[in-house]
Amino acid sequence: MDLQSPVIVEVLLDLPLPRGFDYHAALATEEDVGRRVKVPWGTGQKVGVIRALKHTSTYPADKIKEVLEIWRDVPPLNARDWQLLEFCSSYYHYPLGQTVLAMLPPALRRVGGWQPPRRVRQPRKYPSQSSAPPLNEAQRSVVQAILQQPNFAVHLIHGVTGSGKTEVYFSLIEKVLERGRQVLLLVPEINLTPQLEQRLARRWPNLNWISLHSGVSEKERARRWLTAQTGAARLVLGTRLAVFTPLPELGLIVVDEEHEASFKQQDGLRYSARDLAIVRARQGEFPIILGSATPTLESWHNARTGRYQLHHLRERAVPGACLPQLTLAPTMQEGLPHWATVLHETLSRGEQVLVFINRRGYAPVLYCPNCGWQAACPRCSVRLVVHRRTRQLRCHHCGLEQVLHESCPSCGNVHMETRGEGTQQVEERLRNYCPSARLLRLDSDSLALKGSWERAREQILDHQVDILVGTQLLVKGHDFPDLSLVVVLNADQSLFSSDFRASERLYAQLLQVAGRAGRAEKAGQVWIETDYPGHPVLLALMQHETENFLDQELALRRQMGWPPFNYLAILRAEARDVGKVTVFLEEARQKALTRGGEGICIFDPVPSTLARKAGFHRWQLLVQGAHRASLQVFLASWVDELRALRSGRSIHWVLEVDPWDC
DNA sequence: AGCACGCCGACT
DNA sequence: GTCGGCGTGCTC
Ligand SMILES: [Zn+2]
Ligand SMILES: [Zn+2]
């Protein structure tokens, strides 16, 4: 090596450019690759990561600036970390610099965002009461089967609600920890609760484990992340963002509720934490476990074709627990609903009731019966939602708030009416049916205050509440043992959605809601209000035959050429000016058609589901590929052309690979 | 992405 | 006459 030539480092920065920037760094060595640096940038400074050392640069020598600081107090990213980042950057067609910076905890991305702590904190210690409950036969055989393969393998555990999946995870985690390897446990955002953390703490009182999610303060998140990187933390419990945590001795990843949409990042680097976790396991040559009561069709297909190993947990682990009894009932236009009797019976037994309606507010429509006028958001292509308590009209997409109209702005009629029901109106209706029952409404409006979830949970567990009215928020990740009746309202709305994933999602949601009824020893009841009792999703649900449903749905996907039998990418574009959006997408389409590719199908640009949001017109262009590899080849050259399009400069656009909604 | 520079429309 | 719109180019 030429000792005379000055050392140059290539630094990756958080910029939408597919290249690094060269700086002088006289004292840099190969050990510094993967370290964070402070560099001058224009008039200011930025944090970057050293990608490589070199001795020459194509950039004019007199313009190359000096690195201001190399932070050597923490370990550099290692070869495995780079392997994942490079895969991620190329697969999602996202600049490497932005990918690297996105994986760092926020405090480590900014100049002055991180000071090493004065004193090394002692890992938290909990009272020692480590207890591993005995596994049943089914659980034991799954654990045995998975332990037999220490190398890369994807295991899909299909476990019905209450089948004791978590104990299987814990048992496997324990074995891997004993072998001296680190473990990553990924759970949906909504499931990462203090209760889950306590459960881990009780199970491993003396283990150094950390929990990583967006609720942790920036400083603390960086501190915990670094303990994982140094190998001090042995177990990481985290949401999707934790999939990037550097873990030098990683030996197992568990993705619980693998079907959950929160594993998909919906802005910036639009990755699937589940898919990246699988890639990470393959790169690191260790097993990964996906678990769900309602696996995604992608995973199910891989299991059916033998690429994943399928394991079943068919029995409920809790002794005596049985499946809830399911009833479909037509909606009632007037008078008492069909479920009114069972509601009263349940309450009179002193048991709790959950009424599920996936729509907050009082009513989704305010209209004038005289002229037909409807309250719409001026900035979005949606109707405004009536919030009666605050006497407001609100847009749930852009946050716009208006005072509720007293009269029709179009014809002056003073008798305005609402249509449809939200949580607030259901709450009101239930107060009329059961005036003496104690009601609690749980949606993002009533839970806006910090700590209100915790308070509500205690009230419910303490049986200070008889009827719960709520949205999605209420259903996921929480068990309420006294709950024995679940009523699902307005399920029909999602029955005829145009999204090809609608059935899969509805099935998962309904099964999860149903699972809330009658845990423990009590048999529960579930009533679903529907006018389409013959719908395949409802039929499958009635039969409790998830695997048949998945097979049927898979056959339909194959027939229609939808994923997992084809691969998708979406080019999304938005701007205040519709013309600019459509011109860009049309040019993009022409480029795509000219380029073409094996098995590549280019669709026409169409408005997005939410065609206008906060004043921005949103359109999209779907690309379908028969094979993952050929789609990747096509996308790689297509994005280069897109970046060169002048019409793309005055709009926002993103390319999304494997979109979860289209 | 930011941030500067630069050139045309409607304002004190 | 200037304030400000956003189109264009640059950042090692
Ligand atoms: Zn009117
Ligand atoms: Zn709006």
Side-chain angles (χ1 to χ4, degrees), chain A residues 5-30 32-71 85 88-90 92-113 265-271 571-588 614-618 639-656:
Chain A
S5 57
V7 178
I8 291 172
V9 287
E10 183 188 345
V11 175
L12 296 173
L13 297 164
D14 188 10
L15 294 168
L17 304 167
R19 60 199 158 84
F21 291 79
D22 293 344
Y23 288 87
H24 289 297
L27 300 175
T29 69
E30 284 293 337
D32 291 320
V33 172
R35 284 211 153 96
R36 292 185 311 122
V37 288
K38 183 165 77 179
V39 294
W41 181 258
T43 53
Q45 299 173 354
K46 269 184 178 294
V47 169
V49 174
I50 298 178
R51 175 72 192 108
L53 241 64
K54 39 196 203 180
H55 292 86
T56 56
S57 173
T58 50
Y59 199 68
D62 58 321
K63 283 183 161 177
I64 296 181
K65 297 183 184 175
E66 193 81 25
V67 164
L68 298 170
E69 192 172 357
I70 302 177
W71 283 297
L85 290 168
C88 189
S89 167
S90 80
Y92 292 109
H93 301 95
Y94 201 70
L96 185 60
Q98 283 187 295
T99 308
V100 175
L101 273 288
M103 76 78 90
L104 295 177
L108 300 183
R109 305 206 275 252
R110 284 193 319 272
V111 176
Q265 173 97 51
Q266 291 293 6
D267 52 60
L269 170 56
R270 297 181 170 227
Y271 62 95
L571 179 61
R572 303 180 194 277
E574 62 175 43
R576 290 211 146 78
D577 180 350
V578 214
K580 286 181 175 170
V581 178
T582 51
V583 164
F584 170 73
L585 286 181
E586 195 44 53
E587 285 181 21
F616 283 84
H617 293 271
R618 310 156 87 225
V639 273
D640 284 340
E641 290 183 302
L642 295 178
R643 281 195 252 266
L645 282 182
R646 330 205 67 217
S647 56
R649 299 197 49 149
S650 52
I651 63 159
H652 292 300
W653 64 265
V654 279
L655 180 68
E656 183 161 348

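For clarity, every value in this text was computed on a predicted model and none was experimentally measured. Below, read A as the first sequence line, B as the second, and so on, with proteins coming before strands; counting in each chain starts at 1.
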Residues A:Ala575 and A:Ser650: closest non-hydrogen pair is CB-O, 4.5 Å
Sorted by chain and number, sequence neighbours left out, ring-ring contact (aromatic ring centres under 6.0 Å, His included) with A:Phe584 holds for A:Trp653
Strictly below 4.0 Å, heavy-atom distances to any atom of DNA chain C: list the hits from residues 571-585 of chain A, or just say none. A:Lys580
Restricting to salt bridge (charged side-chain N to carboxylate O under 4.0 Å, His left out), what partner residues turn up for A:Lys38, sequence neighbours left out? A:Glu69
Test side-chain contact (heavy atoms from CB on, under 4.5 Å) on A:Leu13 and A:Val39 and set out the steps. CA-CA 10 Å; A:Leu13 297 164; A:Val39 294; 3.9 Å; yes
Please check this pair: side chain of A:Arg51 against backbone of A:Gly20, looking for a donor-acceptor N/O pair closer than 3.5 Å. no
For the pair A:Phe21 and A:Leu15, evaluate side-chain contact (heavy atoms from CB on, under 4.5 Å) and give the outcome as yes or no after the intermediate values. CA-CA 10 Å; A:Phe21 291 79; A:Leu15 294 168; 3.7 Å; yes
When rounded to the nearest 0.5 Å, the distance separating CG of A:Leu17 from CD of A:Gln98 is 8.0 Å
Determine whether a donor-acceptor pair (N or O, by modelled atom type, separation under 3.5 Å) exists between the side chain of A:Arg110 and the backbone of A:Val47. no
Rounded to whole angstrom units, what separation is found between the CG atom of A:Leu12 and the P atom of C:dT11? 18 Å
For DNA chain C, the residues among residues 57-66 of chain A that have a non-hydrogen atom under 4.0 Å from it: A:Tyr59, A:Lys63, A:Ile64, A:Lys65
Please encode protein proximity along nucleotides 1-9 of chain B as a string of B, S and -, counting only heavy-atom distances under 4.0 Å. B--------
Got a sec, which residues hit side-chain hydrogen bond (donor to acceptor under 3.5 Å, both in side chains) with A:Asp32, two or more places apart in sequence or on another chain? A:Arg35, A:Arg72
Taking all non-hydrogen atoms of both residues into account, name the closest pair between A:Arg572 and A:Arg270 and its distance. NE-NH1, 3.5 Å
In whole angstrom, give the distance that lies between atom CZ of A:Phe21 and atom P of C:dT11. 9 Å
